[in-house]
*Asks:* 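Pasting a structure here, questions to come.
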Amino acid sequence: MNNRSDPISTQVEEDDATVPGTPGRRTKPGLARKHLLGIRELSAKEITYLLDTAETFRDISQREIKKVPALRGRTVINLFFEPSTRTRTSFEIAGKRLSADVINISAATSSVTKGETLLDTGHNLEAMGPDLIVIRHPSAGAPHSLARICNAAIINAGDGAHEHPTQALLDALTIRHHKGHVEGLRVAIIGDILHSRVARSNIHLLTKLGAHVTLAGPGTLVPADFAALISAGDAVPGDFGPGSLRLAAKVEEAVEGVDVVMVLRIQRERQGTAFFPSLREYAVHYGLNRERLKRAAPDAIVMHPGPMNRGIEISSDVADGSHSLILDQVANGLAVRMAVLYIFAGGSSTIGATARAEL
Amino acid sequence: MKLLITNGYIIDPTQGINAGKDLLIEDGRVVGFADRGGGAPEDTEVFDATGLVVAPGFIDLHVHLREPGQEYKETIETGAAAAVAGGWTSVCAMPNTDPINDNPAVTQFIIERAARAGLANVFPVGAITKGSSGTELAEMGEMKRAGIVAVTDDGRPVPSAGMMRRAMEYARGFDLTVMDHCEDRSLAAGGVMHEGEWSLRLGLRGIPALAEEIDAMRNCALAELTGARVHLAHISTIGALEAVRRAKSHGLQVTCEVMPHHWSLTDEAVEGYDTNTKMNPPLRSRAHVEAVFEALRDGTIDAIATDHAPHHADEKALEYDHAPFGITGLETGVGLALDRLVHPGIISLERLVELCAVNPARIFNLADRGTLRRGAWGDVTILDPDLDWTFDASHSKSKCRNTPFSGWTMQGAAVATIVGGRIVYRRERVTDPDGAPI
């Protein structure tokens with residue numbers, strides 16, 4: 001958490017609340033960390049705090065005037081070393097709705113192509129004094145390298161096959177909205193687990209909040225070691241019952257009776273060598289279609305982090321069907337990213353009061 | 001020129017000596033032992049080794065000195081300085097320089113440079129194949145005449161079993177040990193750390209233990225077929241150790257070495273993405289580390305080597321995926337062995353001397369080394385097994401600082417290094433914790 005003081009916070013009346021459940025209602029900041037690098041190191045309490053904060057920002061996006069001055073005068077740099085439309089746009093809109101100055105840098109237009117290292121790029125950006133740097137990078141650990149050299153708060157928007165914390169948060173927010181809770185839910189994650197940062201962040205988040213997660217996909221993309229992912233080094237005591245993680249041999253078995261089905265994107269760009277024989281075979285044996293979805297609970301919800309390969313990992317009738325929450329996820333993504341930017345820009349209780357007053 | 005090492009405790013497994021004696025070296029060669037307190041002959045330099053262990057000079061079978069071609073990482077002189085500061089009297093230089101040491105001209109160049117540096121003995125190891133390309137045999141006979149002590153394509157393992165068979169058959173004719181970096185590249189493909197729960201957790205591509213194991217098994221089978229002397233470099237896995245154990249029980253001439261980082265750290269150390277935890281073979285899981293301890297205990301492992309692999313800070317500052325493999329190791333190896341193997345009782349001091357001096361000399365046929373017999377070279381490593389010290393990479397004699405061990409406190413260190421009867425390194429205790437070359 002940034003410990004810089006906010007000059008405007010002192011000018012605000014604490015009891016000026018008009019919106020219930022705003023971040024300012026908490027007297028203590030919910031996070032004791034400066035950067036958002038992954039879900040694995042977060043406690044259930046911290047995750048809940050982020051989700052609760054996101055709830056309040058959901059409301060803002062429903063209003064006619066969607067802009068609040070919470071991050072006025074703050075600078076957010078979106079530093080994207082990988083192509084991304086959804087996540088970058090989501091962070092950009094989130095920053096703008098909070099009145100931050102948002103600068104987008106993509107690897108194609110930065111000096112990266114001239115051979116500048118990530119650390120040099122980081123030092124240069126740091127010299128311009130941004131408050132937040134949102135980074136997406138094809139190499140796992142790139143945000144950690146930036147975090148070591150930058151005073152700005154680093155937000156991981158996806159690093160290689162490691163983590164994508166805001167995606168997991170928005171997925172959890174979506175689940176909470178439709179199921180009321182995460183604890184005790186049965187969740188199937190289907191597809192390319194091996195290369196998926198979305199899967200890793202979701203596995204950590206869902207099990208920390210007490211869900212029971214089952215993974216399934218081709219043997220080449222669901223290594224058996226995944227069963228141990230949450231066993232060692234992750235024992236963060238939470239407020240929820242113990243979650244669990246297991247592997248299923250078949251997609252049919254994984255979706256049997258589940259409350260949530262998460263379908264992962266087949267990431268052709270991350271698969272250097274062939275992990276399955278053909279897209280056709282993948283669709284037939286591992287794709288989520290109406291037939292397979294029938295095995296899930298009647299009120300099961302279907303999620304996909306996007307962008308979808310229709311007809312491959314998910315059939316169009318499922319993607320567009322009544323169980324699908326894919327567009328809700330996008331809307332919730334905005335709320336989560338507003339919450340994350342707000343909190344990691346230094347949204348302490350006093351600044352929370354500022355925002356609350358200004359909302 | 002005479003040197004008398006007095007009041008030390010001599011450990012020389014080649015003569016079964018474990019006793020307090022004085023050691024006299026004259027004109028670069030060992031003259032013999034005398035009972036303590038006999039006094040020094042005239043014109044003799046005296047080294048007081050009170051409270052210290054005196055052992056045959058330690059030999060590191062596996063270092064990368066980077067010269068010729070990558071002098072920005074290390075030179076033979078700086079590498080040799082790091083070697084003697086770490087207690088190694090001799091180092092064996094891997095051939096993956098630029099140009100590769102696949103011909104006698106490069107071999108001679110390395111030997112001349114080492115002689116000019118005048119610190120550690122440097123024994124060049126030649127390439128198995130021209131350009132280490134894995135396709136054509138290099139001139140092993142000519143390189144042997146120029147001074148190589150073994151052959152290897154380290155860093156670029158010989159991919160084809162057929163080529164390796166031919167190399168072993170040919171090397172036999174020159175009594176050259178064939179050393180191999182065991183790695184099946186089709187299994188290791190693109191990996192940057194040990195494959196397991198930590199690689200999955202960190203989202204990094206994994207190198208399965210099997211990549212090493214399957215190649216170690218292949219090399220043991222080829223050793224049986226060809227009768228060659230085969231040395232497996234930097235072994236780190238349960239299966240490769242098992243393959244060596246089995247080969248030895250069948251009487252094959254198969255030996256192996258392990259690296260200090262493979263018993264000091266596990267793959268969990270990669271968390272945080274410090275590129276100084278990236279080397280090949282990678283840091284392994286706890287089960288593999290336990291297997292290394294067991295193989296050190298039961299004699300399966302023959303040698304301790306460092307795989308000293310300096311890389312420039314700029315290279316190591318890249319993303320974990322893109323940073324080069326390798327860490328420096330010459331100045332921390334002996335400390336990590338004393339601290340983590342000898343003090344916990346995994347091996348004895350005598351076994352340490354076997355692993356660092358006696359066996360390495362035997363594996364690469366280094367005549368009159370690894371022993372303190374009369375007439376042997378006057379190479380001596382002097383240890384203070386109880387010295388508490390902290391390694392500070394910023395004071396390293398190497399050109400590079402790529403080590404995960406900076407700031408580590410260890411019990412036990414090499415405190416003086418004598419090469420050919422000449423004291424080339426002496427750590428001043430208490431007053432100068434970093435030591436200074438003399």
Side-chain angles (χ1 to χ4, degrees), chain A residues 37-41 81 112 115-123 135 137-149 156 158-164 193-201 203-204 215 221-234 245 247 270-273, chain B residues 184-211 265-278 282-290 311-325 401-402 404 406:
Chain A
L37 303 178
I39 298 292
R40 187 168 73 86
E41 54 270 24
F81 292 86
V112 172
E116 187 173 81
T117 64
L118 172 65
L119 291 188
D120 281 337
T121 303
H123 283 300
I135 176 175
H137 198 284
S139 290
H144 304 67
S145 307
L146 274 196
R148 274 194 285 273
I149 60 161
N156 182 359
D159 62 327
H162 175 229
E163 283 228 39
H164 191 355
I193 314 285
L194 177 62
H195 299 97
S196 177
R197 52 197 175 210
V198 174
R200 284 174 178 78
S201 289
I203 290 167
H204 291 304
L215 312 176
L221 296 172
V222 189
D225 281 339
F226 254 106
L229 194 75
I230 60 166
S231 68
D234 298 337
L245 177 65
L247 272 57
R270 229 178 279 284
Q271 293 168 358
T273 47
Chain B
D184 182 305
R185 288 283 167 99
S186 70
L187 282 168
V192 297
M193 70 173 290
H194 176 62
E195 179 182 294
E197 60 180 85
W198 278 101
S199 67
L200 290 178
R201 203 168 278 138
L202 298 174
L204 292 170
R205 275 186 300 263
I207 301 171
L210 190 62
L265 291 166
T266 65
D267 55 348
E268 193 175 340
V270 180
E271 189 185 15
Y273 301 94
D274 178 357
T275 56
N276 288 330
T277 61
K278 182 177 176 182
L283 297 175
R284 301 291 186 185
S285 63
R286 173 58 55 190
H288 291 287
V289 173
E290 293 295 336
H311 288 293
H312 196 274
D314 291 347
E315 298 168 307
K316 278 292 196 181
L318 297 175
E319 293 85 339
Y320 205 90
D321 282 340
H322 301 136
F325 290 105
R401 306 284 179 262
N402 53 308
S406 195

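Protein chains get the first letters and strands the later ones, always in sequence-line order, with residue 1 at the start of each. Computed over heavy atoms, backbone and side chain alike; hydrogens, waters and symmetry mates excluded.
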*Asks:* Could you label the plane-to-plane angle of the A/His162 and B/Tyr273 rings as parallel, tilted or perpendicular, counting under 30° as parallel and over 60° as perpendicular?
*Replies:* perpendicular
*Asks:* Within a strict 4.5 Å, meaning less than it, do heavy atoms of the A/Leu119 and B/Leu318 side chains meet?
*Replies:* no
*Asks:* If only atom types and distance count, is the side chain of A/Arg200 paired as donor or acceptor with the main-chain N or O of B/Leu202 below 3.5 Å?
*Replies:* no
*Asks:* What part of A/Ile203 gets within 4.5 angstrom of chain B, counting heavy atoms only: side chain, backbone, both, or neither?
*Replies:* neither
*Asks:* Looking at every non-hydrogen atom in both residues, tell me the closest pair between B/Arg201 and A/Ala228 and how far apart they are.
*Replies:* NH2-O, 2.7 Å
*Asks:* If you compare all heavy atoms of B/Asp321 against all heavy atoms of A/Ala140, which two are closest, and at what distance to 0.1 Å?
*Replies:* OD2-N, 4.1 Å
*Asks:* For chain A, find which of B/Gly196, B/Gly203, B/Gly272, B/Ser199 contributes the most heavy-atom pairs closer than 4.5 angstrom.
*Replies:* B/Gly203
*Asks:* Any idea which heavy atoms bring A/Leu229 and B/Leu200 closest together, and the distance?
*Replies:* CD1-C, 3.8 Å
